Novice: 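Have a look at this one.
The structure presented is a predicted model; accordingly, all values stated were derived computationally and were not measured. Just so it is clear: chains get the letters A, B, ... in the order the sequence lines come, proteins before strands, and each one is counted from 1.
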Amino acid sequence: MSRLLGVIPWVISQKGAALADISKRFDYPENQLVEDLTGVVFFVGVDPFTPDQLIEVDIADGEVMITNADWFSKPLRLTPNEGARLLTAGHSFLDTHISNSDSEGEAGPLLRALTKLGMALANSKDADASHDVVEVRLGSASKDMLSILKQAQAQREKVEISYYSIGRDKLTKRIIEPQAVFSDFGAWYVQGWCEKAVAERTFRVDRIQSIMSTGEAQQNWPQGPRDMAAFTPSETASKVVLSLEPHLSWVGSHYPTTSTKTDDEGRIIVSFLVSEVRWLERLLLRLGKAAQIVSIDPPLGPNVASTAAKRVLKRYQGASQ
Amino acid sequence: MEKLERLLNLTAALLNTERPLSAEQLKRGVGGYPKAKASFRRTFERDKSDLRKMGIPLRTMPVPGVDPPVDGYRIFRSEYTGAEIQLAPDELAALHLAANFVRLNQGEAGLHKFGKAGEEFEPASVGKVPFDERLTTLISAAANRRAISFEYGDAKSRAKREVEPWRLSFARGHWYLSGWDKERLAERLFRLDRIQGELLDVGEATSPKQSTVDPSKLLSWELGEGEPIEVRVAVDADQISYLRYLIGQSSDNMEGEEAGIVRFKVRNREAFRSFVLTFLEHAEVLDPPEMRADIISWLEAQT
């Protein structure tokens, strides 16, 4: 019905439209469109539903004319929700695709659209009003780095990167095949085949220290749909279940958890797949006693938090001597 | 009569009328409703809910001149259309591109109401941004210059705040609200996940909008009330460039590369502690003594 509420005013504003054009614009298969226009809209109107009170639909030679549909002559508004989402989507796109040096060029149409959207949301004629009430930064990776990666992806080329691995706690050089570049949890990631791991891996772009195009063609482009996950667990990953105090509920949406739920006492139970114990150590030390380990399978060592805490404490005790 | 026809007739009736129509009048005037009272009621309630879900502003108001009072329904055309947005083809195409690029969890962006403009293609990269309905309330409040009240804080401490929202920013994976704090008479930044309870409209905003705060540049431990303390941290050499990535700073906070000592301005100890522990044993808080003691006791509690 939502689609029809878009079709009717558009056809009226165009003073008639071709079936093929309507179908394309509103993603409406032609046969369904004809059926809905002639079998439903044609019978729509108001009490007493005499011919003068019914919508007139005329289809001839593939052209549609609609008249006597005064109530639907204007399109349905965007709800505040839809408006807010569009504004957010628009600003996310601006953040990623438009560099500061380029303004009117690429960004022109989008900025104009967002200004109009802002005015509509604010019910204001003032263009200054409010399109910048939303701002989105999808990640802190440099635009240059992102553009090299996207180019490597588009041209299916390998790159050599120098990467700081949190899990391994050091810098490593790797040759990778960028196959997907995406943002999640407020950070940019590149996913693809890693020659060092001999498997698909996901890397955080802001931990790539340096990058060099190798000029070589990628060899491991996968078939089928891609799951753009911020974390590709290795085959030996452990399933970690933590029980968190209620105020840590943000953890569930800030990290790639495999499941999040609340138990009867209001504690948040989150599950992760973890390949590197260092990653878990960092998380646990930062969250403190408000996070309790429920289970780690297979185990990542005895009492992860305590071991890590002791190791860090050693440094503090060493200096005081 | 199929449901689609009935819904369209119902919408037409509600738009056409100049005064609120009761359920009985709609049952007679729209047609296609079951005769039995209970089934009519159920169907009618579902229809109203369906229309509202589409964003149709279906209003409930008493039918005038009737006693005992009876619920009436209508749609005001000005509300149905809202502020008209005329988008040129390239503007519509740009919005579609943006909507395809970003995945906001659940919910439609409503672009289908405008139709498409030209070919669509799979974008080369995808961004995911978490979105919840409170953002809609706050974005609308910022756009319409309204003041909002809410409870702010976590399990340990919570306080009522009254704020005139200026901007919603997504940075570092969190949503932030920047706006005018009506009590403190200054700009403040709030993290959305610490905003609790209901968001209440408390009137028109009166402060002029002049935001100087950029959440993406602010470091979490710099936020808060009062004077900051300067904290010195020793950081291993091979972690320095990683640290730079994290704080996005130039080296004016570094005492000297070889010395590997970094200075921070801290107002929020909890946030700072969390940051330092990211480096595990590769960083050490040197002074002031109370910050050092804070980290030590935090760690000792976990051994």
Novice: Heavy-atom pairs under 4.5 Å with chain A: which of B:Ile75, B:Leu15, B:Leu138, B:Leu135 has the most?
Specialist: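 Highest number of pairs under 4.5 Å: B:Leu15.
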
Novice: Please test B:Leu8 against A:Leu5 for side-chain contact (heavy atoms from CB on, under 4.5 Å), starting from the C-alpha separation and ending with a verdict.
Specialist: CA-CA 9 Å; B:Leu8 283 167; A:Leu5 290 181; 4.1 Å; yes

Novice: Of the backbone (N, CA, C, O) and the side chain (C-beta and beyond), which part of A:Thr88 lies under 4.5 Å from a heavy atom of chain B, both, or neither?
Specialist: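 Just the side chain, heavy atoms under 4.5 Å.
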
Novice: Pick one of side chain, backbone, both or neither for B:Ala234, based on which atoms fall under 4.5 Å of a heavy atom in chain A.
Specialist: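 Both the backbone and the side chain of B:Ala234 come within 4.5 Å of chain A.
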
Novice: When you check the side-chain N and O atoms of B:Thr278 and A:Arg282, is any donor under 3.5 Å from an acceptor?
Specialist: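 Side chains of B:Thr278 and A:Arg282: no pair found under 3.5 Å.
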
Novice: Please look at A:Ala305 and chain B and tell me whether the side chain, the backbone, both or neither of the residue comes under 4.5 angstrom of a heavy atom of that chain.
Specialist: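 Both the backbone and the side chain of A:Ala305 come within 4.5 Å of chain B.
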
Novice: Treating A:Arg77 as the side-chain partner and B:Ser78 as the backbone partner, does any N or O pair qualify as donor plus acceptor under 3.5 Å?
Specialist: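 No; zero donor-acceptor contacts below 3.5 Å.
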
Novice: Sequence neighbours excluded, which residues qualify as ring pair (Phe, Tyr, Trp, His ring centres under 6.0 Å) partners of A:Phe49?
Specialist: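 A:Phe49: no ring pair (Phe, Tyr, Trp, His ring centres under 6.0 Å) contacts found.
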
Novice: Given that the side chain runs from C-beta out, which part of B:Asn16 has a heavy atom under 4.5 Å from chain A: side chain, backbone, both or neither?
Specialist: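 Both parts, backbone and side chain.
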
Novice: In terms of heavy-atom pairs under 4.5 Å with chain A, which of B:Ala98, B:Ala301, B:Ala94 leads?
Specialist: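 Looking at each of B:Ala98, B:Ala301, B:Ala94 in turn, B:Ala98 comes out on top.
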
Novice: Do B:Leu168 and A:His91 have side chains that approach each other closer than 4.5 Å (heavy atoms only, starting at C-beta)?
Specialist: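 Heavy-atom side-chain distance check fails, nothing below 4.5 Å.
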
Novice: In chain order, what residues pass the ring pair (Phe, Tyr, Trp, His ring centres under 6.0 Å) check against A:Phe26, with sequence neighbours excluded?
Specialist: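 Testing A:Phe26 for ring pair (Phe, Tyr, Trp, His ring centres under 6.0 Å), a comparison that skips the adjacent residues, returns A:Trp10.
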
Novice: So does A:Pro109 get a backbone contact from the side chain of B:Asp90, meaning a donor-acceptor N/O pair under 3.5 Å?
Specialist: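 Looks like no, no N/O pair under 3.5 Å.
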
Novice: Please classify the contact between A:Asp70 and chain B as side chain, backbone, both or neither, with a heavy-atom cut-off of under 4.5 Å.
Specialist: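 Contact with chain B involves both backbone and side-chain atoms of A:Asp70.
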
Novice: Given the rule in the side-chain contact (heavy atoms from CB on, under 4.5 Å) test, do B:Trp166 and A:Val133 qualify, once you have shown the distances and angles that lead to the verdict?
Specialist: CA-CA 6 Å; B:Trp166 286 346; A:Val133 293; over 6 Å; no

Novice: Treating A:Tyr316 as the side-chain partner and B:Arg292 as the backbone partner, does any N or O pair qualify as donor plus acceptor under 3.5 Å?
Specialist: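 Answer holds: no.
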
Novice: Are B:Thr136 and A:Thr79 close enough that some pair of their side-chain heavy atoms sits under 4.5 Å apart?
Specialist: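 Side-chain contact under 4.5 Å: no.
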
Novice: Is the closest basic N to carboxylate O distance between B:Glu91 and A:Lys116 below 4.0 Å?
Specialist: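 Yes, charged N to carboxylate O under 4.0 Å.
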
Novice: Between B:Leu87 and A:Leu117, is there a side-chain heavy-atom distance shorter than 4.5 Å?
Specialist: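 A:Leu117 does not reach B:Leu87 side chain to side chain.
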
Novice: Using non-hydrogen atoms only, which part of A:Leu248 is less than 4.5 Å away from chain B: side chain, backbone, both, or neither?
Specialist: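 No part of it gets close to chain B.
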
Novice: Checking the side chain of A:Lys310 only, and the main-chain atoms of B:Thr303 only, is there a donor and an acceptor separated by less than 3.5 Å?
Specialist: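 No.
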
Novice: Are the side chain of A:Trp250 and the backbone N or O of B:Arg194 linked by a donor-acceptor pair below 3.5 Å?
Specialist: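 No; judged by distance alone, with no hydrogens or angles, the pair does not exist.
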
Novice: Considering only NZ, NE, NH1 and NH2 on the basic side and carboxylate oxygens on the acidic side, decide whether A:Arg311 and B:Glu281 come within less than 4.0 Å.
Specialist: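 A salt bridge links A:Arg311 with B:Glu281.
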
Novice: Quick one: sort the A:Phe93 and B:Phe101 rings into parallel, tilted or perpendicular, breaks at 30° and 60°.
Specialist: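 The rings of A:Phe93 and B:Phe101 stand perpendicular, inter-plane angle above 60°.
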
Novice: Would you say the side chain of A:Leu285 lies within less than 4.5 Å of the side chain of B:Leu280, judging by non-hydrogen atoms?
Specialist: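 Yes, side chains in contact.
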
Novice: Can you tell me which of B:Arg273, B:Arg191, B:His174 forms the most heavy-atom pairs within a distance under 4.5 Å of chain A?
Specialist: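 So the answer, after comparing B:Arg273, B:Arg191, B:His174, is B:His174.
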
Novice: Hey, are the side chains of A:Val312 and B:Trp298 touching, using non-hydrogen atoms and a 4.5 Å cut-off?
Specialist: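 Result no, sub-4.5 Å side-chain heavy-atom pair not found.
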
Novice: Evaluate the criterion side-chain contact (heavy atoms from CB on, under 4.5 Å) for residue pair B:Val129 and A:Phe185; output intermediate values, then yes/no.
Specialist: CA-CA 7 Å; B:Val129 179; A:Phe185 308 108; over 6 Å; no

Novice: By a 4.5 Å heavy-atom criterion (distance strictly below it), what part of B:Glu300 contacts chain A: side chain, backbone, both, or neither?
Specialist: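 Both the backbone and the side chain of B:Glu300 come within 4.5 Å of chain A.
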
Novice: On a heavy-atom basis, which atom in B:Gln302 and which in A:Ala309 lie closest, and how many Å separate them?
Specialist: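 Heavy atoms of B:Gln302 and A:Ala309 come nearest at CB-CB, 4.2 Å.
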
Novice: I'd like to check A:Trp71 versus B:Arg77 (side-chain heavy atoms, cut-off strictly below 4.5 Å). Are they in contact?
Specialist: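 A:Trp71 reaches B:Arg77 side chain to side chain.
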
Novice: Under the criterion side-chain contact (heavy atoms from CB on, under 4.5 Å), I'd like the reasoning laid out for B:Ile139 against A:Arg85: C-alpha separation, chi angles, the key distance, then a yes or no.
Specialist: CA-CA 10 Å; B:Ile139 290 173; A:Arg85 282 167 180 277; over 6 Å; no

Novice: If you count heavy-atom pairs under 4.5 Å between each of B:Leu277, B:Thr137, B:Thr81, B:Ile296 and chain A, which one has the most?
Specialist: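 The candidate making the most pairs under 4.5 Å is B:Thr81.
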
Novice: Using a strict 4.0 Å threshold on nitrogen-to-oxygen distance, state whether A:Asp47 and B:Arg28 make a salt bridge.
Specialist: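 Result for this pair is no, no salt bridge flagged.
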
Novice: Considering only heavy atoms from C-beta outward, does the side chain of B:Ile56 approach that of A:Met1 to under 4.5 Å?
Specialist: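 Answer yes - side chains close enough.
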
Novice: Using a 4.5 Å cut-off on heavy atoms from C-beta on, say whether the side chain of B:Arg167 contacts that of A:Val134.
Specialist: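 In short, these two side chains do not touch, never coming nearer than 4.5 Å.
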
